[in-house]
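I have placed the structure first, in the form of structure tokens, so that the comments after it can refer back to it.
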Amino acid sequence: MPYRAAALMLLSCVALSAQAQDLTGRLASIKTRNTIVLGYRESSVPYSYYDNNERVIGYSQDIAQEIVKEIKTTIGAPGLQVKMIPVNAQNRIALVQNGTIDLECGGTTNNKERAQQVDFSNTISVTETRLLTKTDSNIHSFSDLNGKTVAVTTGTTSERYIRSYIQQKNANITLVEARDHSASFLNLETGRAAAFFMDADVLASERATAHRPEDYVITGAPQTHEAIACMLPKGDTALKAVVDRTITRIETDGRGQSLYNSWFMSPIAPKGINLGLPMSDTLKAVFAHPNDRPMDD
């Protein structure tokens with residue numbers, strides 16, 4: 001073998017060896033396994049959910065796939081395999097903590113309490129609590145709810161917020177609870193409630209699947225803001241750096257806006273519903289200056 005070729009081969013081996021030694025934490029484990037394990041939600045429209053063929057799709061899933069591409073390059077594993085594991089609200093944090101999954105991109109809120117247990121990526125979306133009401137209800141803000149009945153879904157942060165609001169303001173608002181969002185919307189649809197208070201993306205989904213979506217409007221100033229982010233192991237700075245730089249690039253090079261429009265402002269599979277939810281000013285600010293801060297200050 002010619003000296004030059006031998007030298008180049010030696011340098012290549014040294015570079016690969018150095019790269020392998022530089023990998024730490026979960027990145028090193030992913031490299032060793034040649035597999036990354038992603039956690040996903042099965043029915044969190046439009047973030048992460050099944051299409052008609054039980055293929056995982058959604059806004060968060062698209063971002064997760066971009067992160068996988070960056071990890072492949074970073075660890076030098078072009079043939080990296082992707083394993084998908086479904087998670088739910090009850091087990092998602094534990095599965096990240098115990099190493100079952102490497103990264104969860106669903107519709108998880110980054111807040112101070114959870115940040116004690118896991119780390120979060122830069123924010124990928126912001127959900128705001130607003131009101132869904134009929135177009136002819138004359139309800140345009142919270143001040144218009146006096147003497148009205150409002151639908152809420154049991155066990156949600158929205159329910160806790162509006163109960164606190166009623167108590168603090170001594171507001172004349174009656175709550176009608178339901179076990180899930182569809183039942184809460186039914187209370188609005190049938191006239192048992194004058195408005196439905198919930199995250200705007202949930203409200204948009206319920207409106208989009210209604211018999212006559214044009215009969216309903218999302219209104220009122222946002223009452224709360226929650227940062228949606230990918231969840232990863234606590235203290236793994238190397239993995240977090242890869243995830244964050246991928247999200248930052250997406251949000252600042254224009255692709256983030258395109259992704260948002262595809263999932264929140266266009267017909268989406270499998271039924272072709274259109275959430276019709278324009279990007280909020282809060283999320284626009286995040287895209288302009290990506291960060292991993294929670295919004296429950």
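Not measured: the values here are computed from a predicted model. The first residue in the sequence is number 1, and the count goes up from there.
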Does anything in [range] pair up under ring-ring contact (aromatic ring centres under 6.0 Å, His included), and if so which pairs, sequence neighbours excluded?
range: residues 65-115; result: none
range: residues 205-231; result: Phe185-Tyr216
range: residues 62-121; result: none

* Please go through Val217's hydrophobic cluster and name the other residues, only I, L, V, M, F, W, Y counting, with side-chain heavy atoms under 4.5 Å joining them. => none

According to salt bridge (Lys or Arg N to Asp or Glu O under 4.0 Å), does anything in [range] pair up with another residue at least two apart or in another chain? List the pairs.
range: residues 92-104; value: Arg26-Asp102, Arg33-Asp102
range: residues 129-152; value: none
range: residues 65-79; value: Glu66-Lys69, Glu66-Arg255, Glu70-Arg245, Glu70-Arg249

* **Rounded distance [0.5 Å steps], OG in Ser266 versus CG in Asn261** => 6.0 Å

* For Ile30, the option from Val68, Leu80, Thr35, Leu23 that meets side chain to side chain contact (heavy atoms under 4.5 Å, CB included) -> Leu80

Answer yes or no: is there a donor N or O on one side and an acceptor on the other, between the side chain of [X] and the main chain of [Y], under 3.5 Å?
X: Gln81; Y: Gly79; value: yes
X: Asn88; Y: Gln90; value: yes
X: Thr219; Y: His140; value: yes
X: Arg114; Y: Ile93; value: no
X: Thr246; Y: Val242; value: yes
X: Ser137; Y: Thr133; value: no

* Output all residues satisfying salt bridge (Lys or Arg N to Asp or Glu O under 4.0 Å) with Glu214, sequence neighbours left out; order by chain, then residue number. => Arg212

Enumerate, atom names and distances included, each donor-acceptor pair closer than 3.5 Å involving a side-chain atom of residues 192-205, sequence neighbours excluded.
residue	atom	partner	partner atom	Å
Arg192	NH1	Asn187	OD1	3.0
Asp201	OD1	Thr127	OG1	3.2
Asp201	OD2	Tyr47	OH	2.9

* Asked: Is there a donor in the side chain of Gln61 and an acceptor in the side chain of Ser48, or the other way round, less than 3.5 Å apart?
  -> no

* Asked: Any luck finding a side-chain donor-acceptor pair between Thr129 and Thr224 under 3.5 Å?
  -> yes

* In chain order, what residues pass the ring pair (Phe, Tyr, Trp, His ring centres under 6.0 Å) check against Tyr59, with sequence neighbours excluded? -> Phe264

* To do: Sequence neighbours left out, what pairs pass side-chain hydrogen bond (donor to acceptor under 3.5 Å, both in side chains) with at least one residue falling in residues 228-241?
  => Asp119-Lys234, Lys240-Asp244, Lys240-Asp292

All N/O donor-acceptor pairs, side-chain side in residues 176-183, below 3.5 Å, sequence neighbours left out:
residue	atom	partner	partner atom	Å
Glu177	OE1	Thr154	OG1	3.1
Glu177	OE2	Arg163	NH2	2.2
Asp180	OD1	Ser182	N	3.3
Asp180	OD1	Ala183	N	2.8
His181	ND1	Thr153	OG1	3.0

* Ring centers of Phe287, Tyr260 separated by less than 6.0 Å -> no

